2 protein chains.
Amino acid sequence: MSAITGGAASVPRTRDRESTEAMLISAARSVLAEVGFQGLGINTVARRAGCDKQLIYRYFGGLDGLVEALGTSLSADLATALPKVGEPAATYADLMQRLARGLLAVLRNDELLQRIIVWELAEPSVLLTKLNASRSKALNSWMAAQRGDLVPPAGVDAPAVNAVIIAAVQHMAISARAKGDFAGLALETDDHWHRLQATIDDMIQQVYRPR
Amino acid sequence: MSAITGGAASVPRTRDRESTEAMLISAARSVLAEVGFQGLGINTVARRAGCDKQLIYRYFGGLDGLVEALGTSLSADLATALPKVGEPAATYADLMQRLARGLLAVLRNDELLQRIIVWELAEPSVLLTKLNASRSKALNSWMAAQRGDLVPPAGVDAPAVNAVIIAAVQHMAISARAKGDFAGLALETDDHWHRLQATIDDMIQQVYRPR
DNA sequence: GCACAATGTCACCGACCGGTGATATACAGT
DNA sequence: ACTGTATATCACCGGTCGGTGACATTGTGC
């Protein structure tokens, strides 16, 4: 008896650090994906993982460490999510078209990624910056693998153009989840997205056409 | 004396409801602009306004009402911030170019507006949706005033193109404040922005050129 | 069998949050 | 001058947060 300490009611965990860490990371993922970064706190994550928050401090040194671990586990995902190399692109425009399409497809159904991007926009920090860096690194290596020796036409500021394209894709993907539309353009069904994608394709082809 | 109640230490306010409301709205503005929506709470705003939080409940019915009031005061600002009508645009491309430039200029130095956009992306709600609506209404009426009878070239999906442009502008303006760059493109000095603006101009001209 | 570390859980702390009732104080109508 | 009301402030509540120290349980090496 001896009372006080609950006794047999609470079954302790499996006593396996690795799997516990994995559970915590997974819990952080789902919390972030479902409620966004505002709801990502020590207590919430621990509750969702079904273990004590103390373990977050012990194993990750706090929430920051946990997010960092989440980040590394995430950049691996992005690398595999981008489409595999198939036919080499014929023109630089085709190359960028592929990138835009791939990015749009990945972003559209990765709610977690959307949340993280918003997070970076909302409260920049060294931690979030690192997440961003590892993500764009993955993107760059994908580009390098696809590019071959294609070069943009002379007279076009390719880095700026590509930044514009990527910015647009990111913003619309995020807006679509948050609000269902953007600038009067409904973004709910696949048809809407195809229309948008056709437009982006067109813009890329136009700006990157030889001239 | 009866003690307890502080006594003379706290000088009550000027006892002018209008000016107090204005102070609260102004406080909400500055809090939002400086720390973002995460820090926008009853206590914070009241503290910054230098009055009691009770007044927020009395005059605005709570934080939502205050934000709503802030919103109306804000859409008025946006209307005056957009550039006045000058020479009518020669082509539809020129028209959109003007819009893009105006929007970019406004967004770049309106931190409050940037924060609100991020807010809408992070946690959509009826309130935020209303803010968005009133903002795009202001944008539309500006467009209507400028357009005259210009029409986009046949075969171009103008709404989609414009959505892409606006999305890109918004995203880059926000990213610039949050992180100082975007997709490897530094966005700190005016020169960087001019380069970006030239690119956007070019893209608009290319996609909207007659064909 | 016994010390010892690793793992897991609990109880508690101070701080802040949103929200509300009660209480002063100024002012306006009579 | 008296009363009523709008204005402003304070004190307090329950709840949640991040963070920490203490405790229980399991396994390991000797």
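Keep in mind that this is a model prediction, so the values were computed, not measured. Residue numbering restarts at 1 for every chain, and letters A, B, ... go by the order of the sequence lines.
Side-chain atoms of B:Gln197 and B:Trp193 include no donor-acceptor pair closer than 3.5 Å. Between A:Arg29 and A:Ser73, the side chains place a donor N or O and an acceptor N or O closer than 3.5 Å (distance only, hydrogens not considered). No side-chain donor-acceptor contact under 3.5 Å links B:Gln38 and A:Gln38. Looking only at atom types and distance, the side chain of B:Tyr208 has a donor-acceptor partner in the side chain of B:Asn162 under 3.5 Å away.
Which of C:dG8, C:dT9, D:dT7 sits closest to the side chain of A:Thr20 comes down to C:dG8. When each of C:dG8, C:dG18, C:dT25 is scored by its nearest atom to the side-chain atoms of B:Tyr57, the top-ranked nucleotide is C:dG18.
Counting to the nearest Å, the P atom of C:dA5 and the CZ atom of A:Arg17 are 16 Å from each other. The CD atom of B:Gln38 sits 13 Å away from the P atom of C:dG18 (whole-angstrom rounding). B:Phe60 has its CZ atom 17 Å from the C1' atom of C:dG18, to the nearest Å. One interatomic measurement links the two molecules: CE of B:Met23 to P of D:dT7, which rounds to 14 Å at whole-angstrom precision. Counting to the nearest Å, the C1' atom of D:dT9 and the CD1 atom of B:Ile56 are 14 Å from each other. C:dG19 atom P lies 15 Å from atom CG of B:Leu55, rounded to whole Å. Distance, A:Asp16 CG to C:dA6 C1': 12 Å, rounded to whole Å.
Scanning atom types as modelled, one donor and one acceptor separated by under 3.5 angstrom connect the side chain of B:Arg58 and the base of D:dA8.
Each of A:Gln54 and B:Asp52 has a nearest nucleotide on DNA chain D; the 5'-most of these lies closest to B:Asp52.
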Distances for protein N/O vs nucleotides 13-17 of chain D N/O pairs under 3.5 angstrom?
from, atom 1, to, atom 2, distance (Å)
D:dC17, OP2, A:Arg47, NH2, 2.9

Under 3.5 Å, N/O pairs linking protein and nucleotides 2-4 of chain C:
none

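Considering only residues two or more places apart in sequence or on other chains, B:Lys179 meets the side-chain hydrogen bond (donor to acceptor under 3.5 Å, both in side chains) condition with none of them.
Across all their heavy atoms, A:Ala28 and A:Leu66 have their closest contact at CB-CD2, 4.1 Å.
Between A:Tyr59 and C:dA6 there is no side-chain N or O to OP1 or OP2 distance below 4.0 Å.
Using a 4.0 Å cut-off between charged nitrogen and carboxylate oxygen, A:Arg47 and A:Asp52 do not count as a salt-bridge pair.
A donor-acceptor pair is defined here as one N or O able to donate and one able to accept, closer than 3.5 Å; such a pair exists between the side chain of A:Glu120 and the backbone of A:Asn132.
Here the straight-line distance linking atom OG of B:Ser134 with atom CG of B:Leu78 works out to 8.5 Å at 0.5 Å rounding.
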